[in-house]
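See structure below.
Quick note on labels: first sequence line is chain A, next is B, and so on, each numbered from 1.
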Amino acid sequence: MAKKKLKQHHIDRDWCKGCGICVHFCPKNVLELDDMDKVFAARPEDCIACKLCEIRCPDLAIEIETE
Amino acid sequence: MALKDYLRQRFFPHMWCPGCGHGTVLNSLLRAVEQLGLSKNEIVMASGIGCSSRISGYVDFHTLHTLHGRALAFATGVKLSQPELNVIVPMGDGDALAIGGNHFIHACRRNIDITAIVMNNRIYGMTGGQFSPMSGVGINATTAPFQNIDRDFDVVKMATAAGATFVARSTTYHAQQAADLIKQAILHEGFSVVEILSQCPTHFGRKNKQGAAADMMERYKDITVPVGSKKKAENPDLIERGIFVQEEAPEYCREYDKIIAKAMKG
């Protein structure tokens, strides 16, 4: 199976509570919290689409779309 | 079907605290259901009372939000009348093992085809952080300001002893494994228990100085090992995760059908 490539991070800002679990566990340090404590993809070019953020997000606020 | 299509999105963002492990359990559960390709109409979720039990309000299955600890009794009724449905019962540690302890062991004993998910955060979160039967010795809680002296249960051992035919454990850190175990538990014909260690950063974490949600999850990585790991023999304090019991035994609804057939013969 070919490696999946990131197309886009879909982040629901209304659902995100800023717990930082995704930021903490991202193996490539892609995600950050903004000044409203909402997650955003600061370095999307580094994303390897492992979906660890999506799988662990307790607020179901992140979805990784792959190509 | 997309994951979000299984949700009642009008109730989101949900009421759980930031970093609550129960959200990750919901996430894993939805993944399991999606991977099994189940439709919303094939699933019934019955829950009791507590933070964990609020999960039934968020999923767009057939849902019942019932009495504290008694969700398994309601679920048993549903399953007996509609055995073709998949019945899932999410429970907190207090709901399952204190208030509903008796329902829990007898559901295990009957081996009725229900999937019980014990979301174990070791505290009563909704009511303000009182210790639960899963808190264990040396834990700080609102009702144990000088530390708890009550020993805790081992859900896996208890469910096994009571006769559950599928018993597994995972954590919110191991969310992928949790989803896989829930999937297998749903497929298993008989009573399945999946314990998922779930962090409560608001009460348990704060009172016991375990840090933020992510730190509590890191801890799950450190204190658990796969079933049968050599590390467990060296350090008995480690908690095993994986499948502990997976066996076949007569399922309750099928046995009941036989009784009906016998009675109809006169």
Q) How would you list, in number order, the residues of residues 59-67 of chain A that have a heavy atom less than 4.5 Å from chain B? A)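 Hits under 4.5 Å: A:D59, A:L60, A:E63.
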Q: Please list, in residue-number order, every residue in residues 27-56 of chain A that has a heavy atom less than 4.5 Å from any heavy atom of chain B; write 'none' if there are none.
A: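 Within residues 27-56 of chain A, the residues that come under 4.5 Å of chain B (heavy atoms only) are A:E54, A:I55, A:R56.
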Does a sphere of radius 6.0 Å around [atom1] in [X] hold more than 12 heavy atoms from other residues, nucleotides or ligands, not counting ones at 6.0 Å or beyond?
| X | atom1 | result |
| --- | --- | --- |
| B:Q177 | CD | yes |
| B:K40 | NZ | yes |
| A:K7 | NZ | no |
| B:R54 | CZ | no |

Q.
So, applying side-chain contact (heavy atoms from CB on, under 4.5 Å) with A:C19, which one of B:C17, B:C20, B:P18, B:P201 is it?
A.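 Considering B:C17, B:C20, B:P18, B:P201, a side-chain contact (heavy atoms from CB on, under 4.5 Å) with A:C19 is found only for B:P18.
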Q | Cation-pi geometry met for A:K17 and B:W16 (6.0 Å, 45°) | A |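 No, A:K17 does not sit over the ring of B:W16.
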Q) Which heavy atom in B:G19 sits nearest to a heavy atom in A:P58, and how many Å separate them? A)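 So the two residues come closest at CA-CG, 4.2 Å.
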Q. So, the side chain of B:N27 versus the backbone of A:C57: is there a donor-acceptor pair under 3.5 Å, distance only?
A.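 Answer holds: yes.
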**Q.** 4.5 Å side-chain heavy-atom contact, A:W15 and B:Q9
**A.**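 A:W15 reaches B:Q9 side chain to side chain.
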